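So the structure is just underneath, and the comments pick up after that.
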Amino acid sequence: MSNKQGKMINYRMRVTLTDSRQMTGQLLAFDKHMNLVLGDTDEFRRIKRKQAKPPAPGASSSTATQTVETEEKRTLGLTILRGAQIVSLSVEVRLLDVGGGVPPPFPQFPGAPGFGPGRGGPPAPGFPPGNFPPPGFPQGGQFPPPGFNPGDFWGPVSNFGIPVAAVVDAQKSPELISGHMTLALCIYSATFMRYSLAVTPKNYLLFMCHFINEGSQLTQGYRYLNWNYWGGREKAAAAANATSATKA
């Protein structure tokens, strides 16, 4: 049974439950107890409602009621069904019916263009085929340079927005500082400082990003504590009163 059901993985199945509900979804996984995991699941249930029966022709009014059965659909998404609640299981849509089969190789498609080396499509007019450096880079060399990983560069660069924002916030009033957020960012930067030196190769750009952020957040933490617990608020109020009295 498991071998037969294993061939239905990724098929869209219709499952009938003991309470007469029906589920349709993509079969993602199952176990020996017939517990199922369905993706993109839709639930169908039949609801019986009473409504007023239309009066007969020529009658003035009618108080009779009739029972009308309707089907309601509800989208559930990812769903886990217990095998003990399943009555029947059938294929709703085969994999090949939704284009899930293995397509023939590209040369068998009529009119398919040829592909340049190392690219997913023919090169644009005016560009050489394959990997090529942009204008201004040494021609004939490997691009990108050996050992250069764009993710290790642009990830830390984008993270520099956090310390820049912290440095800008240091010029604002300390009453705007969130203590919980400052503590979270201190732990966050300390964790990634350790991580940047634990990986191979060491990511010093990521370390510098979080080192600056750690210093900025510690400064913000000191300003927060001084304002709320160490008399900074009272000193600021006293200084403002003294300035007002001087001007008066």
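Values in this document were obtained by computation on a predicted structure and should not be read as measured data.
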Applying side chain to side chain donor-acceptor pair (under 3.5 Å), name anything that partners [X], two or more places apart in sequence or on another chain.
X      : answer
Asn228 : Arg233
Glu72  : Arg49
Thr182 : none
Ser216 : none

- Note on the structure: Note: Glu214 and Ser189 closest approach over all heavy atoms is OE1-CB, 3.2 Å
- Minimum-distance pair of heavy atoms, taken over all atoms of Gln217 and Cys186: CB-SG, 3.5 Å
In this structure, would [X] and [Y] fall into the same cluster of hydrophobic residues linked by side-chain contacts under 4.5 Å?
X      : Y      : value
Ile177 : Tyr229 : yes
Ile187 : Phe211 : no
Leu81  : Leu89  : yes

- Query: Heavy-atom count around Phe160 CZ within 6.0 Å, excluding the residue itself: above 12?
  - Reply: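 Yes, CZ of Phe160 has more than 12 neighbouring heavy atoms, counting only those of other groups under 6.0 Å.
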- Atom CG of Leu197 with >12 non-hydrogen neighbours under 6.0 angstrom: yes
- Straight-line distance of Ser173 OG to Arg223 CZ, nearest 0.5 Å: 7.0 Å
- Task: Look up atom CH2 in Trp227 and atom CG in Leu176, then write down how far apart they are to the nearest 0.5 Å.
- Result: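 Spacing of CH2 (Trp227) from CG (Leu176) equals 9.5 Å.
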With sequence neighbours excluded, what pairs up with [X] under the side-chain contact (heavy atoms from CB on, under 4.5 Å) test?
X      : answer
Thr18  : Gln85, Val87
Arg14  : Gln22, Thr24, Phe44, Ser90, Glu92
Asn241 : none
Leu28  : Asn10, Gln26, Val37, Leu78

Contacts of [X] that satisfy salt bridge (Lys or Arg N to Asp or Glu O under 4.0 Å) - sequence neighbours left out:
X      : answer
Lys202 : none
Arg45  : Glu43
Glu234 : none
Lys50  : none

Under the 3.5 angstrom rule, does the side chain of [X] hit a backbone N or O of [Y] as a donor-acceptor pair?
X      : Y      : result
Arg82  : Leu36  : no
Ser88  : Ile86  : no
Ser196 : Met193 : yes

- Query: Does the side chain to side chain contact (heavy atoms under 4.5 Å, CB included) test come out yes or no for Val91 and Met13, once each step is laid out?
  - Reply: CA-CA 5 Å; Val91 176; Met13 311 296 293; 3.8 Å; yes
- Query: Can you say whether the rings of Tyr195 and Phe192 are parallel (under 30°), tilted (30 to 60°) or perpendicular (over 60°)?
  - Reply: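 Aromatic pair Tyr195/Phe192 classed perpendicular.
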- Please step through side chain to side chain contact (heavy atoms under 4.5 Å, CB included) for the pair Val15 and Leu38, ending with a clear verdict. CA-CA 10 Å; Val15 184; Leu38 300 181; 4.1 Å; yes
- Show the numbers, then the answer: is there a side chain to side chain contact (heavy atoms under 4.5 Å, CB included) between Met23 and Leu17? CA-CA 8 Å; Met23 305 282 189; Leu17 304 181; 3.9 Å; yes
- What's the verdict on side chain to side chain contact (heavy atoms under 4.5 Å, CB included) for Ser20 and Arg46, showing C-alpha distance, side-chain angles and the deciding distance? CA-CA 8 Å; Ser20 300; Arg46 303 195 71 84; over 6 Å; no
